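Note on naming: letters A, B, ... go to the chains in the order of the sequence lines (proteins, then strands), and numbering restarts at 1 for each one. All values reported here derive from a predicted model rather than from experimental measurement.
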Amino acid sequence: MSTLTKQDTFSSLLAAAPKNFESVRTLGNESFLAQGLPAVKAEEYKFTNISKKLEQNISNFSPALPFKVTAELVKSSVFEGFEGDLLVFANGKFLPELSSKIEDLEVSLISDKPELSLGSIAKPEKDAFAALNQASFEDGIFISVPKKAQIEKPVLLLSFNQANEGQVIQPRLWIEVGDFAEVTFIDQSISLGDTSYFVNKVVEVKGGVNSQIHYYRLQNEGKNAIEVSNIETDIQKDARFSSVTISLSGDMVRNNLNLNLIGSNSEGNMYGIYLINGKTHVDNHTNVDHTIPHAESNELYKGILADQSRGVFNGKIFVRQDAQKTNAFQQNNNILLSEDAIVNTKPQLEIWADDVKCSHGCTVGQLDEEALFYLQARGIDKMQAKGLLLYAFAGEVLEKIEVESFREYCDSLIQDRLGSKF
Amino acid sequence: MLSIKNLHASIEGTEILRGINLEVKAGEVHAIMGPNGSGKSTLASVLAGREEYEVTEGEVTFKGKNLLDLAPEDRAREGVFLAFQYPVEIPGVSSTNFLRTAVNQVREYRGQEPLDAVKFLTLMKEKMKLVEIDQKLLSRSLNEGFSGGEKKRNEIFQMAMLEPTLSILDETDSGLDIDALRIVSNGVNQLKSDKNATIVVTHYQRLLDYIVPDYVHVLYKGRIVKSGTKELAMELEEKGYDWIKDEIDSAATV
Ligand SMILES: Nc1ncnc2c1ncn2[C@@H]1O[C@H](COP(=O)(O)OP(=O)(O)O)[C@@H](O)[C@H]1O
Ligand SMILES: [Mg+2]
């Protein structure tokens with residue numbers, strides 16, 4: 001029986017889905033109908049009532065239409081100091097005329113790749129929104145990095161979002177990285193105006209043996225943007241996947257990040273900062289699945305929450321019985337700057353192997369008063385002293401960003417934020 | 001320079017300082033001694049402006065201003081410096097950035113031009129020599145992973161950078177070996193002038209062999225119960241604090 005709340009909410013979206021990828025879409029559709037939108041008590045969405053949020057804020061559940069983006073807009077939106085290639089999107093639609101032709105990299109529309117086994121990495125049965133996207137996405141892009149290619153400059157995935165009649169945006173990415181190849185993505189979304197829209201994004205990453213993939217995300221969307229994303233990757237033998245997710249605004253943001261360590265000596269890293277205020281709600285649900293011996297995962301998320309903002313962190317570490325000699329580390333630290341800010345943090349460890357090194361910890365606290373007094377006692381203004389401490393707190397994650405220009409950009413966004421509002 | 005009159009302060013409803021009177025003039029060195037728990041650090045913290053302590057009675061003027069009205073940062077800018085008994089480790093805040101921010105905010109308050117990077121570094125190098133502090137320490141996060149002695153040295157280094165008029169050293173000597181003690185005292189002595197004053201809070205007389213006080217006060221149960229010159233410190237060294245405790249406690253029960 002379907003548990004889809006508001007049964008017909010997505011029916012027009014589902015009905016209007018393109019006719020390609022028939023079996024893939026059917027699977028997605030069935031899976032979505034079987035799961036339904038998360039109910040109020042759904043364990044995985046316990047603290048993030050996304051169904052209600054959608055119901056309240058989105059009135060037209062049809063696709064937001066692509067719109068014209070000018071070269072000037074792109075130019076002025078790319079952050080200072082960026083050196084690399086650019087792929088531009090408007091409401092999820094790829095805009096080749098504004099994008100770079102990237103040497104060594106194949107970029108094409110998903111619709112031109114009918115053989116792709118979409119949903120084989122981000123499986124629709126795991127999450128209703130992944131299923132919804134699979135059933136009804138318009139199109140997306142396929143990126144392939146050939147074997148041994150070393151893409152030295154980062155690739156900026158720049159998405160402009162804006163609701164028009166329709167308010168649903170469903171980006172879909174399939175990224176294939178060949179054996180021994182290296183590549184860095186910066187995934188940044190920009191809201192044009194404060195319109196309400198719902199982004200439902202799926203990114204599947206298929207890494208090769210000994211590949212090195214960096215995936216950075218900057219979420220700095222308008223205050224009425226609702227976003228759910230499912231990013232999933234299988235990490236092969238000797239390969240490494242590292243992500244840094246910086247969330248600074250939006251209405252409600254839910255990030256599902258799933259790393260599957262499937263080859264020995266593989267490494268998965270998940271880092272994040274959520275620095276939020278107002279009523280912004282950011283939920284990071286991460287899942288790392290150790291299926292084989294000798295793999296490592298590292299995770300560090302830090303939250304700074306002001307006003308009535310809310311942060312949710314759920315970190316699942318799954319170590320299967322065969323995954324001996326696993327190293328898995330997880331940490332989530334939060335600072336609440338107001339009495340009305342809320343954090344729900346939950347490590348979830350399931351360890352079936354006996355010879356493993358796992359550690360996890362989470363903290364929720366206020367700013368360290370002793371440290372604050374120490375700085376003030378040296379003549380530093382209280383506001384500035386707070387900023388220094390919070391910036392230091394966030395710094396541990398920021399330094400994980402290996403692209404200098406992007407790190408400096410995030411750094412300046414965070415400093416500005418800490419200097420003004422907090 | 002500093003005038004404390006009948007100062008009472010409490011924390012969480014418990015009175016810790018119970019009527020302190022103290023006058024400090026420019027050029028003087030005062031030692032405050034006393035057994036553990038007598039309120040020495042509390043006095044130092046109240047002077048520096050720690051908010052947890054509530055001043056319930058009395059007044060403190062510093063260079064003619066009501067010190068108790070000022071925020072901690074303004075006290076520092078006016079020239080009060082507290083060398084902490086337990087300097088705080090602050091991961092992620094670089095020592096150099098921190099000091100530059102502090103020095104420039106203090107300078108701004110005093111109507112001086114901010115120091116540019118080059119001038120700041122020159123000043124830093126000069127003051128580093130004073131306390132023989134290693135450049136490597138200052139490239140780390142503030143006090144993070146410093147040994148006890150390194151933290152104390154860093155306090156005196158900061159003091160040298162900020163050029164205070166009133167320095168309060170809270171147990172800067174505890175835990176130091178003799179070499180470190182000599183270096184730290186040497187730094188303090190070099191910074192002394194007839195325009196500034198120093199309050200040395202200590203448990204042991206040993207420090208006073210190096211930083212010679214003009215006056216010695218004994219703090220006990222939140223009051224200054226005895227004042228004298230450096231001979232008083234010698235006497236305390238010989239006889240311990242028990243005779244003073246006995247004297248005060250028996251007087252109190254009569
Ligand atoms: N934060 C606090 N809460 C409660 N009591 C405190 C606190 N800080 C200090 N005290 C008490 O105040 C008294 C004086 O402490 P302190 O000023 O540190 O003494 P001293 O520096 O002379 O050793 C002690 O009895 C101590 O237990
Ligand atoms: Mg003390």
Side-chain angles (χ1 to χ4, degrees), chain A residues 244 246 271-275 300-304 331-335 337 361 363 365-401 407-408 410-412 414-420 422, chain B residues 44-53 70-95 97-110 112 140-144 151 154-155 157-164 167-168 170:
Chain A
V244 181
I246 314 265
Y271 306 109
I273 296 171
Y274 38 102
L275 168 61
L300 175 66
Y301 274 77
K302 294 209 168 187
I304 300 175
Q331 187 76 35
N332 173 233
N333 306 112
N334 298 281
I335 293 180
L337 295 176
T363 59
Q366 276 78 38
L367 210 56
D368 181 349
E369 291 290 332
E370 298 244 346
L372 190 60
F373 178 66
Y374 188 82
L375 298 179
Q376 282 181 274
R378 295 296 176 257
I380 300 176
D381 175 74
K382 187 171 187 174
M383 283 292 289
Q384 201 160 349
K386 277 187 181 177
L388 268 177
L389 292 175
L390 292 171
Y391 176 66
F393 176 77
E396 210 186 335
V397 172
L398 270 179
E399 69 189 26
K400 305 290 184 190
I401 299 176
R407 185 178 60 243
E408 282 171 3
C410 293
D411 200 296
S412 69
I414 287 174
Q415 296 228 37
D416 281 356
R417 188 67 84 76
L418 292 174
S420 60
F422 291 85
Chain B
S45 299
V46 167
L47 293 177
R50 187 158 206 145
E51 276 158 20
E52 287 94 318
Y53 297 95
L70 300 177
E73 56 267 39
D74 286 336
R75 297 184 196 197
R77 295 162 181 176
E78 284 287 346
V80 176
F81 181 91
L82 170 62
F84 285 67
Q85 182 173 4
Y86 304 108
V88 189
E89 297 196 13
I90 311 187
V93 172
S94 98
S95 297
N97 274 350
F98 149 73
L99 255 183
R100 189 155 166 219
T101 309
V103 166
N104 281 337
Q105 291 211 352
V106 167
R107 288 180 67 89
E108 190 185 335
Y109 184 87
R110 294 175 189 168
Q112 298 162 308
R140 288 206 230 148
S141 288
L142 186 50
N143 290 326
E144 194 183 31
K151 283 181 186 164
N154 195 19
E155 293 293 289
F157 169 63
Q158 291 173 29
M159 170 177 150
M161 291 294 290
L162 293 168
E163 301 176 339
S167 306
I168 306 163
D170 190 1

* Asked: In terms of heavy-atom proximity below 4.5 Å to chain A, should B/R50 be classed as side chain, backbone, both, or neither?
  -> both

* Would you please say whether a donor-acceptor pair under 3.5 Å links the side chains of B/Y86 and B/D170? => no

* Are the charged groups of B/E108 and B/R77 less than 4.0 angstrom apart, N to O? -> no

* Which atoms of A/E396 approach chain B - backbone, side chain, both or neither, heavy atom under 4.5 Å -> neither

* To do: Could you tell me which non-hydrogen atom of B/L162 sits nearest to which non-hydrogen atom of A/R378, and how far apart they are?
  => CD1-CD, 3.8 Å

* Under 30°, 30 to 60°, or over 60°: which ring-plane class applies to A/Y374 and B/F84, parallel, tilted or perpendicular? -> tilted

* **Per-residue contact mode, B/N143 against chain A (heavy atom under 4.5 angstrom)** => side chain

* Asked: With a 4.5 angstrom heavy-atom cut-off, which part of B/P164 approaches chain A: side chain, backbone, both or neither?
  -> neither

* Do you know which of A/L388, A/D381, A/D368 has the most heavy-atom pairs under 4.5 Å to chain B? -> A/D381

* Report the option among B/V106, B/N104, B/L99, B/T101 that has the most heavy-atom pairs separated by less than 4.5 Å from atoms of chain A. => B/T101

* To do: Report yes or no: do A/Q384 and B/Q105 form a side-chain donor-acceptor pair below 3.5 Å?
  => yes

